[in-house]
Colleague: 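I am attaching a structure below and will ask some questions about it afterwards.
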Amino acid sequence: MKEITVSGQKRTDLGKKASKALRKQGLVPCNIYGEQKDANGQPVAMAFASPMSELRKLVYTPHIYVVNLLIDGESHPAILKELQFHPVTDALLHVDFFEVNDQKPITIGVPVKLNGLAQGVRDGGRMNLSIRKIDVTAPYQNIPEHLDIDVTGLRLGKSIKVGELSFEGLELATPKEVVVCSVKMTRQAVDSSAAAATDEAAADDAAAAPAAEEK
């Protein structure tokens, strides 16, 4: 996984008024959750604020990152947990992070990358990508930037499901029956199949004709 550094400062005033004031200053309220639990067994959050200018490069991207959070100068490796946006303006309102370490596996969605030209596409079909990410579980340092899937042999009307895939060092957390990609039939493919069937029938008739004349 790629790494990105985001700075922040701890905050103690957690009210709505304080959060609104932070946003006016170009800061976004954030929480980071780690191993620590409260008396009820719930994860304890450390509240901080980070500049929108730094979060933008993390939020508005298709890539996944390990985030080196520098909160008041102290480093906290983390991954994105949840984003909250304004329902009307789509402005970023809040970010939750989950602290990670070298030992404990994490589960995160990794982008899918289809490699090769599918046979079904060569035959006139259309490639359909059903999901853009597959959830995997592994120590964060073992998680790749994307998952390579070879679709060269995928034929018309066929699909690849999560259960058919495997990647060294990764446990797939997305359900096995979920379809990753498929090749859909198109009018061009139907016409090509019909033409091929007509040509084959014509060839059979031509081959049969001499035999009929000999009789």
Side-chain angles (χ1 to χ4, degrees), residues 1-12 14 19 22-23 25-38 42-86 90-116 129-151 162 165-175 178 180-181:
M1 292 173 65
K2 295 181 179 180
E3 183 174 323
I4 192 170
T5 298
V6 173
S7 63
Q9 58 191 51
K10 290 181 182 178
R11 57 190 177 99
T12 55
L14 308 181
S19 294
L22 284 172
R23 296 185 187 106
Q25 299 172 45
L27 300 172
V28 179
C30 303
N31 287 332
I32 179 171
Y33 295 86
E35 299 288 335
Q36 188 179 355
K37 301 282 197 303
D38 62 18
Q42 298 300 315
V44 174
M46 179 173 67
F48 68 100
S50 185
M52 182 62 208
S53 58
E54 295 194 25
L55 290 172
R56 183 176 286 110
K57 57 191 177 183
L58 171 66
V59 174
Y60 301 105
T61 175
H63 304 295
I64 56 173
Y65 291 96
V66 172
V67 188
N68 180 30
L69 290 174
L70 287 177
I71 304 173
D72 292 342
E74 185 179 343
S75 179
H76 299 266
I79 58 171
L80 272 177
K81 184 174 183 287
E82 187 178 0
L83 301 170
Q84 294 179 17
F85 295 93
H86 191 282
D90 281 337
L92 183 63
L93 297 179
H94 188 90
V95 183
D96 283 339
F97 292 90
F98 183 78
E99 192 165 12
V100 298
N101 58 55
D102 293 340
Q103 305 301 320
K104 187 175 180 179
I106 62 170
T107 299
I108 189 172
V110 179
V112 168
K113 182 181 179 183
L114 304 183
N115 295 325
L129 182 61
S130 301
I131 56 173
R132 297 190 176 278
K133 290 184 178 181
I134 294 176
D135 291 338
V136 306
T137 301
Y140 79 84
Q141 67 269 26
N142 294 345
I143 294 177
E145 295 178 17
H146 52 75
L147 299 175
D148 290 306
I149 300 176
D150 183 9
V151 297
V162 173
L165 302 173
S166 64
F167 302 92
E168 186 177 357
L170 303 178
E171 178 184 344
L172 303 187
T174 298
V178 172
V180 178
C181 62

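Values reported hereafter were calculated over all heavy atoms of this structure, with side chains retained and with hydrogens, waters and symmetry mates removed.
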Colleague: With a 4.5 Å heavy-atom cut-off, do Val136 and Leu147 have their side chains touching?
Modeller: yes

Colleague: Considering residues at least two apart in sequence or located in another chain, which fulfil the side chain to side chain contact (heavy atoms under 4.5 Å, CB included) criterion with Arg11?
Modeller: Leu14, Ser19, Leu22, Pro29, Asn31, Ala47, Ala49, His94

Colleague: So His63 and Ile4, side-chain contact (heavy atoms from CB on, under 4.5 Å) or not? Walk me through it.
Modeller: CA-CA 11 Å; His63 304 295; Ile4 192 170; over 6 Å; no

Colleague: Any pair with a residue in residues 95-108 that passes salt bridge (charged side-chain N to carboxylate O under 4.0 Å, His left out), sequence neighbours left out, goes on the list, sorted by first then second residue, please.
Modeller: Glu35-Lys104

Colleague: Taking atom CD of Glu3 as the centre, report whether more than 12 heavy atoms of other residues, nucleotides or ligands fall under 6.0 Å from it.
Modeller: yes

Colleague: Can you check whether Asp148 reaches His146 side chain to side chain, under 4.5 Å on heavy atoms?
Modeller: yes

Colleague: What's the shortest heavy-atom distance between Tyr140 and Met1, and which atoms?
Modeller: O-SD, 3.7 Å

Colleague: With sequence neighbours left out, what residues match Thr174 under side chain to side chain contact (heavy atoms under 4.5 Å, CB included)?
Modeller: Ile134, Asp135, Val162, Val178

Colleague: Compare every heavy atom of Phe48 with every heavy atom of Gly8, then report the nearest pair and how far apart it is.
Modeller: CA-CD1, 4.2 Å

Colleague: Looking at every heavy atom in both Asn101 and Gln141, which two are closest together, and how far apart are they?
Modeller: O-OE1, 4.4 Å

Colleague: Just verifying a value: how many Å separate Met46 CE and Asp72 CG, rounded to the nearest 0.5 Å?
Modeller: 8.0 Å

Colleague: About how many Å separate CZ of Phe167 and CD1 of Ile143, when rounded to the nearest 0.5 Å?
Modeller: 13.0 Å

Colleague: With side chains defined as the heavy atoms from C-beta onward, is the minimum distance between Cys30 and Leu55 less than 4.5 Å?
Modeller: yes

Colleague: Show me the pairs that pass side chain to side chain donor-acceptor pair (under 3.5 Å) and involve residues 51-60, at least two apart or across chains.
Modeller: Ser7-Glu54

Colleague: Please report the interatomic distance CG(Leu172) to CG(Leu165), rounded to the nearest 0.5 Å.
Modeller: 6.5 Å

Colleague: Taking all atoms of both residues into account, what is the closest heavy-atom pair of Val6 and Ser50, and its distance?
Modeller: CG1-OG, 3.0 Å

Colleague: Pair Val151, Cys181 - check side-chain contact (heavy atoms from CB on, under 4.5 Å), show working.
Modeller: CA-CA 9 Å; Val151 297; Cys181 62; 4.0 Å; yes

Colleague: To the nearest 0.5 angstrom, please state how far the NZ atom of Lys81 sits from the CD1 atom of Ile106.
Modeller: 13.0 Å

Colleague: State, yes or no, whether a side-chain contact exists between Phe97 and Leu80 at a heavy-atom distance under 4.5 Å.
Modeller: yes

Colleague: Please identify each residue that fulfils side chain to side chain contact (heavy atoms under 4.5 Å, CB included) with Thr137, with sequence neighbours left out.
Modeller: Pro105, Thr107, Glu171, Ala173

Colleague: Can you tell me how far apart CG (Leu114) and CG (Leu129) are? Round to the nearest 0.5 Å.
Modeller: 5.0 Å

Colleague: Could you grab the distance from atom CG of Leu70 to atom OG1 of Thr5, nearest 0.5 Å is fine?
Modeller: 5.5 Å

Colleague: Restricting to side chain to side chain contact (heavy atoms under 4.5 Å, CB included), what partner residues turn up for Asp90, sequence neighbours left out?
Modeller: none

